[in-house]
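The next block holds one structure in the form of structure tokens; read it before the comments.
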Amino acid sequence: MGSDIGALFQREEVALSELRGMRIAIDGNNMIYQFLSNIRQADGTPLMDRNGKITSHLTGLIYRLTNLIEIGIRPIFVFDGKPPALKARTIEKRREIREVAEEKWEDAKLRGDKEAAMKYAKASARITPEIIADSKRLLDIMGIPYIDAPSEGEAQAAFLIKNGDADLVGSQDFDSLLFGADRLVRNLAITGKRKVPGKKIYLDVSPEIIDLERNLERLGITHEQLIDIAILVGTDFNEGVKGIGAKTALKLIKREGRIEKVLESLNLEIEGLEAVKSIFMRPEVRDDYTIGWREMDEEALLHFLCDLHDFSEDRIKKAISRLKSADQGQMRLDKWF
DNA sequence: CGGTTGAA
DNA sequence: TTCAACCGG
């Protein structure tokens with residue numbers, strides 16, 4: 001979920017094809033959560049193989065990655081490591097919300113209320129170690145690199161840009177900007193209709209790039225002040241001040257200069273303020289990674305998805321042939337330029 | 001979510 | 001050919 005600061009940023013819509021050649025550090029946990037939440041049957045049941053193992057994430061990954069690779073995007077997945085101790089409350093709160101949603105899902109199914117069933121099913125999605133392991137196995141087979149972050153994945157993804165190993169961070173959340181990612185791309189999917197909070201309202205959603213430096217300049221704040229704003233609003237590592245949203249926090253920080261002054265003027269305190277700031281200012285990352293794209297293993301892909309997880313052989317063969325022509329396309333371009 | 005299908 | 005409903009696993 002992250003910090004609710006999205007309203008502050010100006011975005012530039014792009015076509016997916018404009019990202020050709022880009023190395024994108026993808027927030028793996030974020031993308032996989034999206035798949036687990038969204039790829040479901042009408043009553044909210046996720047896709048499963050014959051053994052009852054969830055496969056929604058594998059479905060999402062194989063088709064999404066086929067599209068990205070076909071376009072010439074070079075994904076690097078980053079997975080979360082050990083969460084900071086300050087995240088404990090957020091993790092616990094998420095668990096409670098999930099458990100309530102699970103009960104409401106069951107209830108809605110019994111009542112035959114499909115719409116409510118889907119809504120609560122989505123909210124009950126949970127990433128397990130097995131789901132992460134499956135996803136990594138698929139990435140390995142597809143020849144797509146991934147990195148295990150020591151702590152927050154978005155921090156590691158931001159570091160990849162700083163270190164010259166990626167051009168963009170890919171995530172729906174804005175936290176990578178707090179970690180100093182220069183450029184974030186959201187909606188990293190083929191343009192399509194997506195429904196939002198409302199009921200029957202569908203909107204076209206296309207990829208959008210958020211440029212950190214340009215936004216800081218426009219807002220007239222520093223990176224540190226952006227972090228202060230996020231802390232006032234609330235992050236995964238602190239609760240935030242009740243009644244203060246992104247716009248109010250911006251106003252307050254611009255007026256007072258820094259969060260300490262804002263809190264002083266409001267006669268408030270934030271527990272562990274320095275520690276929260278430090279998570280964003282000096283994130284725990286690793287630099288001992290290697291990144292390499294390889295050719296996919298066709299046979300392994302068919303075995304893993306079709307034999308082990310009951311995917312249709314026709315469909316996967318189709319994906320394989322698209323991946324192969326993408327490979328050749330890139331070879332041709334590489335020789336030309 | 002994204003591929004497939006089938007009605008217009 | 002287009003687009004929305006429906007599957008997929």
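Throughout, a chain's letter reflects where its sequence line sits, starting with A, and its residues are numbered from 1.
Atom NZ of A:Lys114 is separated from atom C1' of C:dA5 by 14 Å (rounded to the nearest Å). Nucleotide B:dC1 holds its C1' atom 15 Å from the CG atom of A:Leu138, rounded to whole Å. If you take CG of A:Leu65 and C1' of B:dC1, they are 12 Å apart, rounded to a whole angstrom.
Using a 4.0 Å cut-off between a side-chain N of Lys or Arg and a carboxylate O of Asp or Glu, A:Lys324 and A:Glu298 qualify as a salt bridge. Here A:Arg183 does not pair with A:Asp211 in a salt bridge; the nearest charged N to carboxylate O distance is not below 4.0 Å. A salt bridge does not link A:Glu96 with A:Lys93: every distance from a Lys NZ or Arg NE/NH1/NH2 to an Asp or Glu carboxylate oxygen is 4.0 Å or more. Ionic pairing of A:Lys109 and A:Glu106 is present here: one or more N-O contacts between side-chain nitrogen and carboxylate oxygen are shorter than 4.0 angstrom.
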Contacts under 3.5 angstrom, residues 277-287 of chain A side chains, donor-acceptor by atom type, not counting sequence neighbours:
| from | atom 1 | to | atom 2 | distance (Å) |
| --- | --- | --- | --- | --- |
| A:Lys277 | NZ | A:Glu260 | OE2 | 3.1 |
| A:Arg286 | NE | A:Asp288 | OD1 | 2.8 |
| A:Arg286 | NH1 | A:Asp148 | O | 2.5 |

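To the nearest 0.5 Å, atom CE of residue A:Met142 and atom CZ of residue A:Arg294 are 11.5 Å apart. Note that NZ of A:Lys261 is 14.0 Å distant from CZ of A:Arg255, once rounded to the nearest 0.5 Å.
Contacts of residues 24-32 of chain A with DNA chain C (heavy atom under 4.0 Å): none.
Of the side-chain N and O atoms in A:Asn67, none sit less than 4.0 angstrom from OP1 or OP2 of B:dC1.
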Protein N or O to nucleotides 7-9 of chain C N or O, pairs below 3.5 Å:
| from | atom 1 | to | atom 2 | distance (Å) |
| --- | --- | --- | --- | --- |
| C:dG8 | O6 | A:Arg40 | O | 3.3 |
| C:dG9 | OP1 | A:Ser312 | N | 2.9 |
| C:dG9 | O3' | A:Thr55 | OG1 | 2.7 |
| C:dG9 | O3' | A:His309 | O | 2.9 |
| C:dG9 | N1 | A:Gln41 | OE1 | 3.4 |
| C:dG9 | N2 | A:Gln41 | OE1 | 3.0 |
| C:dG9 | N2 | A:Pro46 | O | 3.0 |
| C:dG9 | N2 | A:Met48 | N | 3.2 |
| C:dG9 | N3 | A:Met48 | N | 2.9 |
| C:dG9 | N3 | A:Met48 | O | 3.1 |

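In this structure, the side chains of A:Ile227 and A:Thr235 stay at 4.5 Å or more apart for every pair of heavy atoms.
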